[in-house]
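Here is the structure we will look at, set down as structure tokens.
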Amino acid sequence: MRITTWNINSVRLRAPLAVQLLEQVQPDALCLQETKCPDEHFPHQTFIDAGYPHIAIRGMKGYNGVAIISRLPFTSTDSLDWVGKQDCRHISATFSDGIELHNFYVPAGGDEPDTMKNEKFDHKLKFLEEMRDWFTANRKPDAPMVLVGDLNIAPLEHDVWSHKQLLKVVSHTPVEVERLAAVQNGLGWIDTARHVTPETEKLYTWWSYRARDWAAADKGRRLDHVWVTPPLGDKIKDSSVLRDARGWEKPSDHAPVTTQLG
DNA sequence: ATGGTCGGTTGCCGA
């Protein structure tokens with residue numbers, strides 16, 4: 001099974017790029033974040049025509065929004081609310097082989113890494129706490145699961161262009177990294193990208209729109225992740241970032257990440 | 001130290 005995750009930053013604007021991605025990578029399932037699209041306006045037919053007729057969506061006007069677009073049928077789908085908000089940040093689907101796929105868009109958290117001054121940062125930390133609590137309360141480590149998404153945290157030193165310069169920048173602060181580690185340790189999730197690429201090697205999935213030349217500056221962060229539970233650990237065959245996609249015409253600021261299982 | 005660019009609930013907010 002091949003799974004791709006991509007923060008598309010508007011599915012209506014970039015549906016043609018998503019089709020290009022499907023043709024190039026040929027995943028079994030594509031998980032999108034920041035679709036920014038109410039369900040009634042989702043471009044279903046574009047994906048059906050591309051050979052991906054199984055679609056689970058949870059979107060709203062203007063903000064957030066997630067989708068799972070699949071070549072394979074689902075046996076069930078679900079969407080959960082987090083931190084008491086109906087803000088379309090999670091969708092899940094189960095496949096006939098029993099694998100349960102969870103797609104998340106974790107809150108970005110604003111600019112100031114101080115919960116007293118910035119309620120968005122508080123929301124982000126609470127969201128991560130609820131993720132840990134939900135999985136530990138409702139699922140066991142021996143369940144075959146995949147967790148993907150824009151987690152908006154670059155946990156490791158070489159997940160950012162400068163560890164030192166980003167220690168106080170939201171996405172790489174110690175408190176967020178610790179909360180994300182708590183989610184990961186809850187069920188013993190395996191970070192598939194770092195299973196394949198050593199921790200000493202720089203690895204990014206996001207580059208700001210604000211850079212004059214994003215590729216030359218290469219001031220990236222690894223915000224997008226694919227995790228699997230222990231039963232799927234020895235099925236990890238590959239993990240790759242499609243950096244080229246960041247250089248496409250009218251790109252998303254995130255690049256797609258693909259993990260090959262089995 | 002600051003500002004830089006995107007997308008959509010556009011002349012602002014969130015990222």
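First the proteins, then the strands, lettered A, B, ... as listed; each starts at 1. Small disclaimer: the values here were computed from a predicted structure and weren't measured.
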Separation of [N] [atom2] from [X] [atom1] (nearest whole Å):
| X | N | atom1 | atom2 | value |
| --- | --- | --- | --- | --- |
| A:R12 | B:dG8 | CZ | P | 7 Å |
| A:Q165 | B:dA1 | CD | P | 12 Å |
| A:E249 | B:dC6 | CD | P | 11 Å |
| A:H254 | B:dT5 | NE2 | P | 18 Å |
| A:Q33 | B:dC6 | CD | C1' | 17 Å |
| A:E34 | B:dC6 | CD | C1' | 10 Å |
| A:K219 | B:dG3 | NZ | C1' | 12 Å |

With sequence neighbours left out, which residue pairs that include part of residues 85-99 of chain A fulfil the salt bridge (charged side-chain N to carboxylate O under 4.0 Å, His left out) condition?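 Salt bridge (charged side-chain N to carboxylate O under 4.0 Å, His left out) check on residues 85-99 of chain A returns A:D87-A:R89.
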
Please collect all salt bridge (charged side-chain N to carboxylate O under 4.0 Å, His left out) contacts where either partner lies in residues 162-176 of chain A, sequence neighbours excluded, each pair once. A:K124-A:E176

With sequence neighbours left out, write down each residue that passes salt bridge (Lys or Arg N to Asp or Glu O under 4.0 Å) with [X], or none if nothing qualifies.
| X | result |
| --- | --- |
| A:R246 | none |
| A:E157 | none |
| A:D142 | none |
| A:D39 | none |

Integer angstrom distance from the [atom1] of [N] to that of [M]:
| N | M | atom1 | result |
| --- | --- | --- | --- |
| B:dC6 | B:dA1 | P | 26 Å |
| B:dG7 | B:dT2 | C1' | 23 Å |
| B:dT9 | B:dG3 | P | 28 Å |
| B:dT10 | B:dT5 | P | 22 Å |

Between [Y] and [X], does any NZ, NE, NH1 or NH2 come within less than 4.0 Å of an OD or OE carboxylate oxygen?
| X | Y | value |
| --- | --- | --- |
| A:R194 | A:D159 | yes |
| A:K120 | A:E112 | no |
| A:D191 | A:R222 | yes |

Closest to side chain of A:R14, choosing from B:dA15, B:dG8, B:dC6: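 Among B:dA15, B:dG8, B:dC6, the one nearest the side chain of A:R14 is B:dC6.
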
Among B:dT5, B:dG8, B:dA15, which is the nearest nucleotide to the side chain of A:Y105?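 Among the listed nucleotides, the one closest to the side chain of A:Y105 is B:dA15.
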
Partners meeting ring pair (Phe, Tyr, Trp, His ring centres under 6.0 Å) with [X] (sequence neighbours left out):
| X | answer |
| --- | --- |
| A:Y52 | none |
| A:Y63 | none |
| A:F127 | A:W82 |

Residues in contact with DNA chain B, drawn from residues 150-161 of chain A - heavy-atom cutoff 4.0 Å: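 Under 4.0 Å from DNA chain B: no residue of residues 150-161 of chain A.
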
Sub-4.0 Å heavy-atom contacts from residues 37-46 of chain A onto DNA chain B, ordered by number: none

Hey, what are the protein-to-nucleotides 12-14 of chain B N/O distances that come in under 3.5 Å?
residue : atom : partner : partner atom : Å
B:dG14  : OP2  : A:K120  : NZ           : 3.3

Check whether any side-chain N or O of A:S208 sits under 4.0 Å from OP1 or OP2 of B:dT5, and answer yes or no.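 Negative; the distance criterion is not met.
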
Please figure out whether A:T35 or A:N7 has its closest DNA chain B nucleotide nearer the 5' end. A:T35

On DNA chain B, nearest-nucleotide positions of A:D253 versus A:M60: which is more 5'?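 First, find each residue's nearest nucleotide; the 5'-ward one identifies A:M60.
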
